Amino acid sequence: MIQISQIHADDIASLHFIERIYTESFPQDERRDFDEVVRLLRENDDFEIVMIADQEKPVGFISYWSWSDFIYMEHFAIDSHCRGAGYGAIAMTTLLQQIGKPAVLEVEKPTDDLSRRRIHFYERLGFTLSTRPYIQPPYSPDRNPLELYLMSYGAIDLDNVFDTVVSRIHSRVYGVK
C-alpha cells in the first residue's frame, strides 16, 4: 500500500533519502543544490515535498509548488531499485487527487526513447503536452537553461494561460525577475 507523507525541513533521515534519489535522477542542470531545497522547504510556504513509501519503505518523492489556482510539480523520482513496479503512477494519481488542483510540469522534448516514454507516462495519467516553446531558466549562474515542454493536468487550458503560467514559474521557482 502506497503512503504519501509531507516532509519537513527537520526530517533528516527522509531528506537524506530524497537527496540521494534527487542527485541520482536529475542531471546538474535540472536541479538546484540540495541545501537550497532544504532552505526552500524551511522558508517558503509554497514549496512542498512528499515522500512516497510502500509499507513504510521509502521508494520516491515529489516536490511541488502550490498556489491557489494550480500546482507546479518540480521534481518527481522513484528510487532506481523500485522503478517499474507501478509506484510512480499510483503516487502521482493519489497526490493529484489529494491536492485537487490543476497541475503543470516540465518534460524533456521527445528526442529519444526515454523522453518519449516519460511523456507517454504522464499522458496515461491524464496530462496534456504543450509543444509551445519553453525555456527552463538555469537554477544558478553555473548551470544552463534547458529547452523543454510543459504538460498540464486538470482544469487548466495551458494554451490560453501559457504566458501567465510561465511567468509565475519563472519568477517564483527560478527567481527570474
Side-chain angles (χ1 to χ4, degrees), residues 4 6-9 18 22 25-52 60-77 88-89 91-111 114-177:
I4 296 178
Q6 206 70 40
I7 299 302
H8 303 281
I18 291 167
Y22 182 72
S25 300
F26 299 97
Q28 188 170 3
D29 286 337
E30 294 181 18
R31 60 182 160 85
R32 61 183 90 239
D33 291 332
F34 201 74
D35 290 346
E36 179 68 7
V37 172
V38 175
R39 185 193 67 74
L40 285 169
L41 192 57
R42 183 180 303 108
E43 298 176 6
N44 194 317
D45 292 338
D46 294 346
F47 181 70
E48 302 189 39
I49 300 177
V50 293
M51 175 79 80
I52 304 162
F61 77 95
I62 301 173
S63 66
Y64 64 95
W65 297 75
S66 184
W67 301 301
S68 62
D69 49 347
F70 73 96
I71 63 169
Y72 165 67
M73 304 186 111
E74 187 173 12
H75 290 99
F76 169 41
M92 181 63 74
T93 301
T94 301
L95 183 64
L96 289 167
Q97 289 172 351
Q98 286 176 356
I99 293 172
K101 294 181 196 176
V104 174
L105 54 79
E106 298 167 340
V107 291
E108 296 167 327
K109 289 184 171 187
T111 57
L114 183 58
S115 56
R116 284 188 287 277
R117 283 198 334 251
R118 282 190 188 119
I119 289 169
H120 292 310
F121 167 81
Y122 289 117
E123 287 175 333
R124 285 191 305 274
L125 298 180
F127 281 81
T128 302
L129 180 68
S130 170
T131 56
R132 288 184 64 177
Y134 172 79
I135 301 291
Q136 175 193 289
Y139 276 107
S140 62
D142 64 327
R143 312 262 163 100
N144 296 303
L146 299 169
E147 289 185 42
L148 303 172
Y149 284 144
L150 293 180
M151 294 189 81
S152 61
Y153 171 89
I156 185 169
D157 184 353
L158 195 53
D159 286 332
N160 286 333
V161 296
F162 190 86
D163 293 336
T164 302
V165 166
V166 168
S167 177
R168 183 167 325 149
I169 292 169
H170 282 187
S171 65
R172 296 201 187 165
V173 175
Y174 297 100
V176 173
K177 305 267 186 242

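What you see is a predicted model, and the numbers here were worked out from it, not measured in a lab.
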Exercise for review: Kindly indicate whether the side chain of I62, heavy atoms from C-beta on, has any atom under 4.5 Å from the side chain of L95.
Suggested key: yes
Study note, to complete from the structure: Residues R143 and P138: closest non-hydrogen pair is O-CB, 3.2 Å
Point to revise | Heavy-atom closest contact (T93 atom, A89 atom, distance) | key: OG1-O, 2.8 Å
Exercise for review: Measure from the side-chain N and O atoms of R32 to the backbone N and O of V37, and report whether any donor-acceptor pair falls under 3.5 Å.
Suggested key: no
Review point. To the nearest 0.5 Å, what is the distance between CE (M151) and CZ (F127)?
Key: 7.5 Å
Point to revise | Cation over ring face, R168 and W67, 6.0 Å, 45° | key: yes
**Study point:** Side-chain ion pair, R39 and D33, N-O less than 4.0 Å
**Key:** no
**Study point:** Sub-4.5 Å side-chain heavy-atom contact between W65 and N44
**Key:** yes
Point to revise | Pairwise side-chain contact, I156 with V165, heavy-atom cut-off 4.5 Å (strictly under) | key: yes
Review point. Is the count of non-hydrogen atoms from other residues, nucleotides or ligands lying under 6.0 Å from E36 atom CD greater than 12?
Key: yes
Practice item. Let me know which of L150, I119, L148 forms a side chain to side chain contact (heavy atoms under 4.5 Å, CB included) with V107. Key: I119
Point to revise | Test item: Y72 and D46 side chains (from C-beta on) under 4.5 Å apart, heavy atoms | key: no
**Study point:** Heavy-atom side-chain proximity of E48 to I71 below 4.5 angstrom
**Key:** no
**Study point:** Side chain proximity check, R132 to D163, heavy atoms < 4.5 angstrom
**Key:** yes
Exercise for review: Kindly say whether the aromatic ring centers of Y134 and Y149 come within a distance under 6.0 Å.
Suggested key: no
Practice item. Taking D29 for its side chain and N144 for its backbone only, find out whether a donor-acceptor pair lies under 3.5 Å. Key: yes
Practice item. Have a look at H120 and tell me which of R124, R118, E123 forms a side-chain hydrogen bond (donor to acceptor under 3.5 Å, both in side chains) with it. Key: E123
**Study point:** Exercise: identify the closest heavy-atom pair between D159 and S130
**Key:** OD1-OG, 4.0 Å
